[in-house]
Asks: 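Before I ask anything, let me first share the structure, which is written out below as structure tokens.
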Amino acid sequence: MNNIFKQLETLFAVSDFEPKREKLAFLTVEKRHLVSALKFAKDNLGFGHLILITAVDWLENGFFQITYLIKNNSNQFELGFKVFVPRNEPVMESVHDLWKAAATYQRELKEMFGIDFPGSPGVDESFILEGWHDIPPYRRDFDTKKYSEETYFPRPGRVTHDPEEHMKKKLYPQREG
Amino acid sequence: MINFKEDRSQFPEKNPDGTFKIDLASHKFSHIWQGPQHPGITGNMSLELIIQGDEVMSCKTHVGYLHRGFEKLMERRKYIQCFPLVCRICVPEPDFNEHCFATAVEELAGITVPEKALWLRTLTLEMARTASYLMWFGGAAGSLGMGIIGQWTNYLRDYILDRFEELTGGRIYHMYILPGGVRNDLPVGFKERLLDNLKDIEQVMKDVDNALFTNAVFKKRTVGLGYIDPSWIEPFGITGPNARAAGIPLDVRKDAPYLKYDELDFEPVTGKDSDAFTRADVRRRDLLMSVDLIRQILDKIPQNGEFIAKLPNVLNWEIPKGETYVKSECTRGEYGYYMVSDGSMYPRRINVRGPSYTHAVALMEKLAIGVNIADTAALMVSLHTYPPEIER
């Protein structure tokens with residue numbers, strides 16, 4: 001794993017190498033180097049299997065972390081490439097030409113986090129949320145409670161009782177008044 | 001007798017890039033929807049098909065009927081509150097979610113799990129695999145009109161669910177594997193009862209082999225259906241039996257042994273023809289291997305010992321900052337959890353990587369082209385699709 005990191009470090013200036021297990025490590029790469037680093041890892045280091053692409057919203061720091069987790073199927077090494085994109089300009093280069101499966105992940109990220117991947121097939125089509133007009137729901141600043149209060153309404157005819165009072169009235173009606 | 005020879009070189013017309021020329025206004029095509037109540041899957045998902053005659057010209061998958069926002073819900077709950085939630089992501093085999101979630105938390109928090117708990121976890125994962133495969137056989141046979149086989153195998157699955165009920169108190173959702181260990185030890189007489197059930201499974205699987213795998217209709221409709229080329233495995237991210245049927249022995253249990261799999265004797269089951277029939281056969285043999293693994297586990301499981309580690313107060317449990325990825329081999333392939341902690345009591349982000357995510361969307365849209373419309377259900381079943389893990 002260390003050799004792989006050294007190779008990537010000289011070519012693509014990757015940083016923050018964090019080995020997690022014998023065969024799993026994460027590293028950080030600059031946005032402009034990401035696609036070439038992934039392509040190099042895929043073509044030259046044997047990391048041919050894309051496990052997942054996902055995002056983490058660091059709202060307080062003002063950026064999204066996008067993680068690309070790839071695997072070498074012959075020696076089972078797993079490498080997570082982390083890239084940080086600013087929240088006010090959430091655009092990332094697409095990797096659908098490296099992995100066919102990437103288009104689905106990118107489509108989901110566009111919908112759930114609002115991160116755009118220009119050129120990715122079907123990226124602008126809705127994936128899970130049809131007819132969604134609010135801010136992307138997996139962002140940390142999306143208020144689920146406010147959304148449900150505004151969207152859904154209590155069914156007419158339903159009332160909420162104070163449990164203590166209600167049970168008292170139900171169990172000891174003679175004491176009423 | 002009319003001898004009709006079809007000339008497929010001229011018709012349907014193709015574009016220069018090899019795709020079909022589809023002109024809906026010409027009235028030569030029909031635009032239809034299959035689903036969301038689809039016979040090919042457990043759950044809800046739609047296929048938007050354009051057909052000509054009875055042949056599929058274009059397929060587009062639509063998901064979103066089962067989105068419950070698990071990943072978002074987990075961000076608002078403490079780690080221990082997520083534990084009863086994760087199993088609900090996948091109905092037929094929830095234990096893989098429990099295992100991946102618990103292991104990821106343990107890894108981030110630095111907890112060592114007792115030896116006996118590791119064995120009990122391995123046992124429940126294999127029992128879940130058996131139950132899920134038995135349910136799958138029902139779907140596979142049912143989608144081709146052989147409902148009776150589904151009744152046999154679901155009857156056997158019920159036995160496994162009985163054992164789960166005895167062990168965990170729940171039939172479908174077990175909430176058994178929690179961070180630190182498992183919830184309970186084996187009940188008295190559990191081993192004997194489970195061994196009896198395994199005998200029944202092997203007996204009925206012989207009947208399934210005779211009735212399904214030598215059946216002319218099943219063979220005629222599945223041999224050659226949904227061929228997956230071995231060169232597609234990496235670009236499409238194919239794992240599990242779908243990859244193994246193409247001759248690529250991808251099995252997380254062997255490649256990156258977790259729990260106690262390194263102490264068990266097994267070889268990944270592979271096939272070579274990579275069609276729906278081979279995938280069904282790989283699953284049948286994998287089920288029998290799982291039965292064998294359960295026997296090995298029952299022999300090796302220690303009688304005494306702790307089954308849960310000492311945990312801090314789980315309601316005020318702050319997990320150290322970090323991230324990890326934990327995976328396991330479920331019946332459909334690689335099932336993984338990517339977990340990010342920011343050092344608080346709540347997970348920053350949990351991403352669930354279900355194998356159907358790649359199999360059922362990108363791969364299905366490719367494989368469906370040129371398939372008879374009656375076979376789309378069989379094709380989806382052969383990819384073993386569970387929509388809940390696409391949407392989470």
Side-chain angles (χ1 to χ4, degrees), chain A residues 18 20-26 42 46-60 65 67 69-80 82 96-105 107-108 111-112 121-122 125-132 137-140 142 144-145, chain B residues 60-69 71-73 75-76 107-108 232-239 243 248-250 252 254-257 322-327 334 336-342 347-355 357-363 365-366 387 390-392:
Chain A
E18 304 164 61
K20 294 285 166 189
R21 282 193 295 262
E22 193 195 342
K23 292 188 175 179
L24 171 70
F26 290 92
K42 180 176 180 261
F47 286 85
H49 177 65
L50 174 74
I51 298 174
L52 59 85
I53 306 176
T54 190
V56 186
D57 185 0
W58 297 99
L59 177 65
E60 60 276 32
Q65 169 195 331
T67 308
L69 199 61
I70 53 176
K71 187 175 103 179
N72 184 333
N73 269 340
S74 52
N75 59 14
Q76 304 303 318
F77 281 172
E78 287 165 347
L79 209 51
K82 295 192 288 184
H96 68 274
D97 42 359
L98 296 181
W99 290 281
K100 298 255 185 222
T104 322
Y105 291 102
R107 197 171 149 200
E108 191 189 358
E111 186 174 71
M112 291 301 188
E125 292 170 30
S126 60
F127 182 55
I128 289 165
L129 312 165
E130 221 169 65
W132 183 265
Y138 275 14
R139 287 189 177 194
R140 298 287 283 197
F142 173 71
T144 40
K145 191 160 179 282
Chain B
K60 205 167 167 218
T61 52
H62 290 267
V63 295
Y65 303 94
L66 284 165
H67 179 67
R68 287 159 289 172
E71 291 178 356
K72 185 80 179 176
L73 286 173
E75 287 174 18
R76 306 280 168 111
E107 213 174 289
L108 289 174
W232 303 349
I233 302 291
E234 287 196 337
F236 282 94
I238 303 166
T239 52
I248 315 282
L250 289 181
V252 183
K254 201 75 190 173
D255 298 337
E323 61 198 302
T324 190
Y325 175 72
V326 172
K327 59 182 176 172
E334 179 177 334
Y337 266 56
Y338 172 66
M339 190 183 282
V340 182
S341 165
D342 53 6
R348 184 73 195 205
R349 172 105 173 102
I350 294 177
N351 182 248
V352 184
R353 192 258 184 221
Y357 197 87
T358 46
H359 296 167
V361 183
L363 185 63
E365 287 179 2
K366 183 178 175 69
I390 305 172
E391 303 165 27
R392 289 108 52 208

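Quick note on labels: first sequence line is chain A, next is B, and so on, each numbered from 1.
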Asks: My understanding is that only residues two or more places apart in sequence, or in another chain, count here; which of them pass ring pair (Phe, Tyr, Trp, His ring centres under 6.0 Å) with Y325(B)?
Replies: none

Asks: Would you call K327(B)-E78(A) a salt bridge at under 4.0 Å N-O?
Replies: yes

Asks: Where does E107(B) contact chain A at under 4.5 Å (heavy atoms): side chain, backbone, both or neither?
Replies: side chain

Asks: Side chain, backbone, both or neither: which part of L69(A) has a heavy atom under 4.5 Å from chain B?
Replies: side chain

Asks: Looking at H62(B), E75(B), E323(B), H67(B), which makes the most heavy-atom pairs under 4.5 Å with chain A?
Replies: E323(B)

Asks: Given a strict heavy-atom distance threshold of 4.5 Å, which part of L129(A) is in contact with chain B: side chain, backbone, both, or neither?
Replies: side chain

Asks: For K100(A) and W232(B), what are the C-alpha separation, side-chain angles and deciding distance, and is it a side-chain contact (heavy atoms from CB on, under 4.5 Å)?
Replies: CA-CA 9 Å; K100(A) 298 255 185 222; W232(B) 303 349; over 6 Å; no

Asks: Should the pair Y357(B) and F127(A) be assigned to parallel (<30°), tilted (30 to 60°) or perpendicular (>60°) ring geometry?
Replies: perpendicular

Asks: Pick from L50(A), L98(A), V56(A): which one has the most heavy-atom pairs with chain B under 4.5 Å?
Replies: V56(A)

Asks: With chain B, which of Q76(A), E130(A), K82(A), K71(A) has the greatest number of heavy-atom pairs at distances under 4.5 Å?
Replies: Q76(A)

Asks: For residues I390(B) and I128(A), report the shortest heavy-atom separation together with the two atoms involved.
Replies: O-CD1, 4.3 Å

Asks: For the CD1 atom of I51(A) and the CG atom of N351(B), what is their distance to the nearest 0.5 Å?
Replies: 11.5 Å

Asks: Show your working on side-chain contact (heavy atoms from CB on, under 4.5 Å) between E71(B) and M112(A) and close with a plain yes or no.
Replies: CA-CA 11 Å; E71(B) 291 178 356; M112(A) 291 301 188; over 6 Å; no

Asks: Taking atom CD as the centre, does E60(A) end up with more than 12 heavy-atom neighbours from other residues, nucleotides or ligands that are less than 6.0 angstrom away?
Replies: yes

Asks: Is A55(A) in contact with chain B via its backbone, its side chain, both, or neither, using a 4.5 Å heavy-atom distance?
Replies: backbone

Asks: Going by heavy atoms in the side chains, are R349(B) and Y138(A) under 4.5 Å from each other?
Replies: yes

Asks: Which residues pass the side-chain hydrogen bond (donor to acceptor under 3.5 Å, both in side chains) test with T144(A), not counting sequence neighbours?
Replies: R76(B)

Asks: Taking side chain as everything from C-beta outward and backbone as N, CA, C, O, which of these in R140(A) sits under 4.5 Å from a heavy atom of chain B? Side chain, backbone, both or neither.
Replies: both

Asks: For the CH2 atom of W99(A) and the OG1 atom of T358(B), what is their distance to the nearest 0.5 Å?
Replies: 13.5 Å

Asks: Give, as side chain, backbone, both or neither, the part of T324(B) having an atom under 4.5 angstrom from any heavy atom of chain A.
Replies: both

Asks: Quick check on L363(B) against chain A: is it the side chain, the backbone, both or neither that has a heavy atom closer than 4.5 Å?
Replies: neither

Asks: So for D57(A), is it side chain, backbone, both, or neither that comes closer than 4.5 Å to the heavy atoms of chain B?
Replies: backbone

Asks: Can a donor-acceptor pair be found, under 3.5 Å and without considering hydrogens, that links the side chain of K72(B) to the backbone of P137(A)?
Replies: yes

Asks: How many angstroms lie between atom CD1 of I350(B) and atom OG1 of T54(A), to the nearest 0.5 angstrom?
Replies: 11.0 Å

Asks: For V340(B), is it the side chain, the backbone, both or neither that has a heavy atom under 4.5 Å from a heavy atom of chain A?
Replies: side chain

Asks: Are the side chains of R348(B) and Q65(A) in contact, using a 4.5 Å heavy-atom criterion?
Replies: no

Asks: Pick one of side chain, backbone, both or neither for K366(B), based on which atoms fall under 4.5 Å of a heavy atom in chain A.
Replies: neither

Asks: If I take atom OG1 from residue T104(A) and atom CZ from residue F236(B), how far apart are they, to the nearest 0.5 angstrom?
Replies: 9.0 Å

Asks: Would E108(A) and R353(B) pass as an ion pair if we require N to O under 4.0 Å?
Replies: no

Asks: Taking only Lys NZ, Arg NE, NH1 and NH2, and the carboxylate oxygens of Asp or Glu, determine whether K42(A) and E234(B) approach each other closer than 4.0 Å.
Replies: no

